[in-house]
Structures are given as C-alpha cells and as structure tokens.
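For reference, the structure discussed in these notes is given below.
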Amino acid sequence: MFLDFWRDVESLLRDALDRCGFLLPETDGKVNGNDLMLETSPHADLASTISFRLAPVLKRKPAQIAQKILEAIVLDGRGTVDRVEAMGPYLNFFASRRFFDSAVLEAEGDRCWTGSMTERVIVEHTSANPNGPLHVGHIRNSVIGDTLVRILRRAGCDVEAQYYVNDMGRQIAIVVWGCGRYPLDGSKADHATAKVYIQANKDLAAEPGLKEGVDRLMQLYEGGDPETAEKFREAVNYALSGIEETLRRLNIRHDSYHWESEFVRDGSTARIFDRLEATGLTDWEEGSLQLDLSGEGFEKKLVLKRSDGTSLYTARDLAYHRWKAERSDRMIDVLGADHKLISGQLKAALRLMGAREPEIVIFEFVSLPTGSMSTRKGKFISTDELLDEVEAQAFKEVTARRPEEGEEFRRAVAKEVALGAVRYDVVRVSPEKATVFDWKAALDFEKLSAPFIQYSHARASSILDKAGAFGDFDPSLLTGAEEIDLIRKISQFDLAVQVAARELKPHLLATYARELAEAFNQFYRSSPVLEADPGIKEARLALVKAARNCLRATLETLGIPALESM
RNA sequence: GGGCGUGUAGCCUAGCCAGGACAAGGCGGCAGCCUCCUAAGCUGUAGAUCAAGGGUUCGAAUCCCUUCACGCCCGCCA
C-alpha cells in the first residue's frame, strides 16, 4: 500500500533528477537508503527536501531547483501519484484517487498485512534468572522483545523467540543451596523460589563462611555431577514454570528455551576457549583465563574462566551466540542497560573469532519512586501483582460503563483490557528512556493507552455487527476529509511495520496505533454509517471494515487483544 | 575518575541517528458535545527562552564543543 506509493514517488523523482542532470550529493549517513529525502508530512502524502541538498552543489536557490525538478516530473496518470507541487523549496507529492480506492479494497479484503522480508531471525528476550518472579523491570524486556518478534513476523520474517536460561550462575546455585535449607512454601512457583532466594542471601551476608557451600555446588554442577544436576534442573524448571505462567498472562510465548549448561555439556564452551586462545590475546592470570580486548577499545580484561576451572557467563554466552549464528540470518538480543558493557565485550570477542555479532536492543531501567528494584532484597513490584491490580481497576471501569452486562463478560473484558493497558504502557515509551513506575499512569485507561485503541476496534466491530452483510461498494465515494485521513492512515500500516522492523523500534508501532484509532474516532464522529444514503452507506461500511481489519492487525502486532465488544 | 544514556509546557512522552514548512500527543486546568452507529469518545482553549552556554549552517530540539543535573556500568556476578 503506502510503500507502493513511496516507490512510485521515488521513481518519478529519480527520473526527473536524471532529466535535469542533477546528481545526488553524497550523503554521509543515508541509513535507510532515503537519499531522496522523502518523508511523510502534514502538507502532503510525501514531501522531499532534496532541493536543499542540491542547492550548495548547484549553487542555486532551493526554490528554483524545486521548480526545475517539478517541471521535469512526468506523471502518466495511471500510477499511485496524482499530482506534485513545489511549495517553495519543498516538493509535495499527493496520492491519487486510485491509490485510496485500492487501499480501501485491499484492507477490506484483509489480506494485505504481511510484509515481504524473508530473513530467519532469532530474538532472545526476557531470559530472566530463574530465581524469582518477573518484576515490573522485566516487563520492559518481555514486552519490547515480544513486540519485536511480532513486528518482525508481521514484516514477513521467520522468527524464533528464545529464552536463554541461566542455570549455571551463582544466583541459581544460591537458590539450590537455599532449597536445601528452607522449604518452598507452596505459593506460586516463582514467588516461592524468590522467598528462599531472599532468605539464603540474608544468611550468606550474615555468615560469609557459608559461601563455600555455594561454590561447591557450582563446581559440582559444571563438572556434571548427576545428583547436583538433578537438583538444579528441578529448581530451575520449578521457577521457570511460574515465570512462564506470568508470560502467558502477558500474551507472550517463547518458541524455545536454551539452557546455558547445554553449551558447556556439548563442549562448545571449551571450543570457545580454544578459539580465543588461538587469537593470541588470552592470558592465564593466577589460574584464570582472561581475554585482552584493549585492541577493541575495552580497558579491562574479560575473564572467561575462573581459577577453579568453572566458566563465566560471557564464555557460555559466546558459545550460545555462535550456535544461534548458524541457525539464523539475524540475531537480536533484548537487554537491560546494565548489559551495555558486557554485550560490547561479547561482540568484540565474537569479532575476534570471525563470528557474526548480534544486534542488541538496549532498554533503560524501570525504577520505583523509592529507588531501583532488587530481587535479592525482595524490593520489587511483581508483574503478577501489577496485572492483578490493573485487572481489578479495569473490572471497576467495565462495571461502571456496562452495568447491564453479566459478570463473566465484565471479567473477560477486564482481563483483556488490563493486558493491553500494561503492554501498551510499556511499549509506547522509547527503550532508551529510563522510567519510574507510576501506579496512577498504569491504571489510566484514557487516550494514550491500549483501551483507547481496543475501544475503536469495538466500535467498528459493533457497526459491522449491526449492519450485517453488505453488497458492492464504490470506495471513490469516500471523499470527506475524515474519510481520506482514515484511508491514508490505514494505508500506512506497511510503512509503520517496516520502519519499526528495520529500526527495531516497537514504540513506533504504538504511536501508529494511537494515530489510527484517532483517525477512526474522528471519522466515527463525523460520518454516520448505518443511517447514510444508499451507496454512501456501503462505501462507509467497507471503510469501517477496512479500519477494523487494520486495527486488529495493529493490535495483534502489539500483542494486545482486539475486543469485539467492551 | 572513565565509559554509555537521558534532560522537550505543572506532570508523562513523540520528534534527534539521516538538520528544513507553525516543536506533536497524552495527563492535569478551563469551555463545549450523548432525542444520533458504545462519551474508555469528539471539539475548542490556555500552557515550551526544546537543561545552560558557545560553535557549524541560508536554516539547529536535531550536528559539534563546554558546563550542569539525573540514571546505568566499570566483579574470577549475571
């Protein structure tokens, strides 16, 4: 849809530039190949500022250049471009009626929501330590990760979502050690694990000599002691079952889980040591194996193996990344800001081995008004707690708005609204922004929120439901400003998905969703559908259906349920 | 101390990477709209020296430098 229009504009503009003999100046960073300086604009469907770029080279005024280019543009009257204007230095391109008509037809037919990307992509996200429940800090990882998975799938990619299970770290050894001292109390698995973990940490802090017991467990596990392995397996699976349950509430599912220990047991971590030693950049210092990354801009050496012979996280992670590289065209890791340095070192080490590097999506932290969260100290708001709270609030809202409905309906709607609200609240903010968790904002269901979008979808569904089947329609009757704005927004779905997928920025799709819902609500207010004259009525019904389909595709891509009624 | 990130109306955020047409939304404030397809909606209005200072440019929220504030990291933790 909109991408077709974009391509048509590009080719018109390129031809015109050729005709004028204007050579495009070298732009230093044309990241997305947009050397024609095209952008969507309030003044046109697409606008180009290319004249500004050409001005210094041609030594002429931008407005004159724009005029010159305009005169060289040849419209054949059959494509998606209707007309071009030069507004001073700006070249404004407008889509044709044919374009809007076909956008309505395609969207109404509901078969136009998948892009043409074909890469195999592995997205690793969440990967929280199985030592407690997901807290509101982890949600950011999970929601950004899952939304990226959905966006890339929508763009056409073959995506596998992976959870990298840390079963070899100290935190887990502490859990296993703690389970030997305290019983799990029968509460939800991840929460029960956290209680043991928190208590074990208190004991360790109070009595430093106890640390030896934990070290011993780690050595036994890395050495492959069967009895110890069984204890770890059990503890990790137990905690993981609770985490999975929470992810399910967030509408998140991983395609596969990969345990760190797999990469020790199959010898691939040992091969990492060999490969890195072969670079000549490693050293044995006091019995530990260290990698010198100063050539890659890292001051401190990276320790790969402890002096007791056990491997460190990064070493195992290197093996995991080599494994992923063999099975994908792209690897994407979603990581918290505290992983910035270590992920830079990981990439550097992969470079040294001649292996492909992952693309890292970093998100900044979510903190509480009282400070940062900590599983170890038991200082966190769990995702379960948040979802329960938001669901309760949503139930109150539904009850106030739809008192006539039965409890089952209101419960079901509250659940979907809460899920949407939480996901949208996380994904609408750009990942590099640190945020402070705010109960009031989390419980607000107004315009800048999922319920706003879900509500638009429900309104559209309700109209279609009341109308029943409708016959032939003529989209060219849709000429009102609100109608055109809505069609334009619908047509831009492919653009929104492509940009979000290319730049790995889920929040762009959140913005698009808000704009789409807004366009629909404005249309809804200004244009009666069921009461409209014959002809207009069918055309508007088709537009409502197109909008409903587009809203549904958008919500689905955000992992938010599209409700028929709320 | 070094590295990375952030700083946009009372509050929360988009725009910044690839500089251009009036700095865009939401919350909160004020004023309107339910004899009409779900008012979780729509319309209008007030509110911003885009942290501060300097520089580059025809043009800077956007690029460069300096300063300040906040966050994260600098472990034989993950």
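Chain A is the first sequence line, chain B the second, and so forth, proteins listed ahead of strands; every chain is numbered from 1.
Both distances falling under 3.5 Å, in either a Watson-Crick or a G-U wobble arrangement, place B/G1 opposite B/C74. Nucleotide B/A23: unpaired (no Watson-Crick or G-U wobble partner with both distances less than 3.5 Å). With a 3.5 Å ceiling on both atom-pair distances, B/C50 lacks any Watson-Crick or G-U wobble partner. Of all nucleotides present, only B/A69 satisfies the Watson-Crick or G-U wobble test against B/U6, with each distance under 3.5 Å. Using N1 to N3 plus N6-O4 or O6-N4 for Watson-Crick, or N1-O2 and O6-N3 for G-U wobble, each under 3.5 Å, B/G44 pairs with B/C30. Nucleotide B/A14 forms no Watson-Crick or G-U wobble pair with any nucleotide shown, as no partner meets the under 3.5 Å limit on both distances.
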Heavy-atom protein contacts under 4.0 Å, nucleotides 1-8 of chain B, coded B base, S sugar-phosphate only, - none:
---BSSSB

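The side chain of A/Asp444 sits closest to B/C27 out of B/C27, B/A78, B/C17. Looking at the side chain of A/Glu518, the nearest of the listed nucleotides B/C42, B/C37, B/C27 is B/C42. Closest contact between the side chain of A/Leu341 and the listed nucleotides B/C27, B/U43, B/C74 involves B/C74. You'll find that the side chain of A/Arg53 is closest to B/G59, out of B/A40, B/G59, B/A39. Of all nucleotides listed (B/G41, B/C37, B/A40), B/G41 comes nearest to the side chain of A/Asn521. Nearest to the side chain of A/Leu530, among B/C37, B/C76, B/G41, sits B/C37. The listed nucleotides are B/C72, B/A78, B/A39; the one nearest the side chain of A/Arg401 is B/A39. The nucleotide whose nearest atom lies closest to any side-chain atom of A/Glu446 is, among B/A21, B/A78, B/C27, B/C27. In the set B/C77, B/A14, B/A40, the nucleotide with an atom closest to the side chain of A/Phe445 is B/A40. Of the candidates B/C22, B/A78, B/C73, the closest approach to any side-chain atom of A/Pro42 belongs to B/C22.
Residue contacts shown for A/Glu564 include a base, since a base heavy atom lies under 4.0 Å away. If you check every strand for non-hydrogen atoms under 4.0 Å, A/Arg514 touches sugar and phosphate atoms only. If you check every strand for non-hydrogen atoms under 4.0 Å, A/Lys305 touches nothing.
The base of B/C76 sits with one of its N or O atoms less than 3.5 Å from a complementary donor or acceptor on the side chain of A/Ser307. For A/Glu39 and B/A18, a side-chain-to-base donor-acceptor distance below 3.5 Å is absent, hydrogens and geometry of angles not being considered. Interface remark: the A/Ser430 side chain does not form any donor-acceptor pair with the B/A14 base, using a distance-only criterion of under 3.5 Å.
Here the options are A/Lys324, A/His321, A/Gln162, the test is side-chain hydrogen bond (donor to acceptor under 3.5 Å, both in side chains), and the partner is A/Glu124; only A/Lys324 passes.
Contact between A/Ser127 and A/Tyr163 at its shortest, heavy atoms only, is CA-CE2, 3.5 Å. Here the closest heavy-atom approach between residue A/Gly88 and residue A/Ala66 is recorded as O-CB, 3.5 Å. Closest approach of A/Leu368 to A/Val436, counting heavy atoms only: C-CG1, 4.0 Å. Nearest heavy-atom pair, A/Ala86 versus A/Gln67, reported as atom, atom and distance to 0.1 Å: CB-OE1, 4.0 Å. Contact between A/Leu464 and A/Lys545 at its shortest, heavy atoms only, is CD1-CA, 3.8 Å.
Classification of the A/Tyr320-A/Phe263 ring pair by plane angle, with boundaries at 30° and 60°, yields tilted.
Within 6.0 Å of NZ in A/Lys415 there are 12 or fewer heavy atoms belonging to other residues, nucleotides or ligands.
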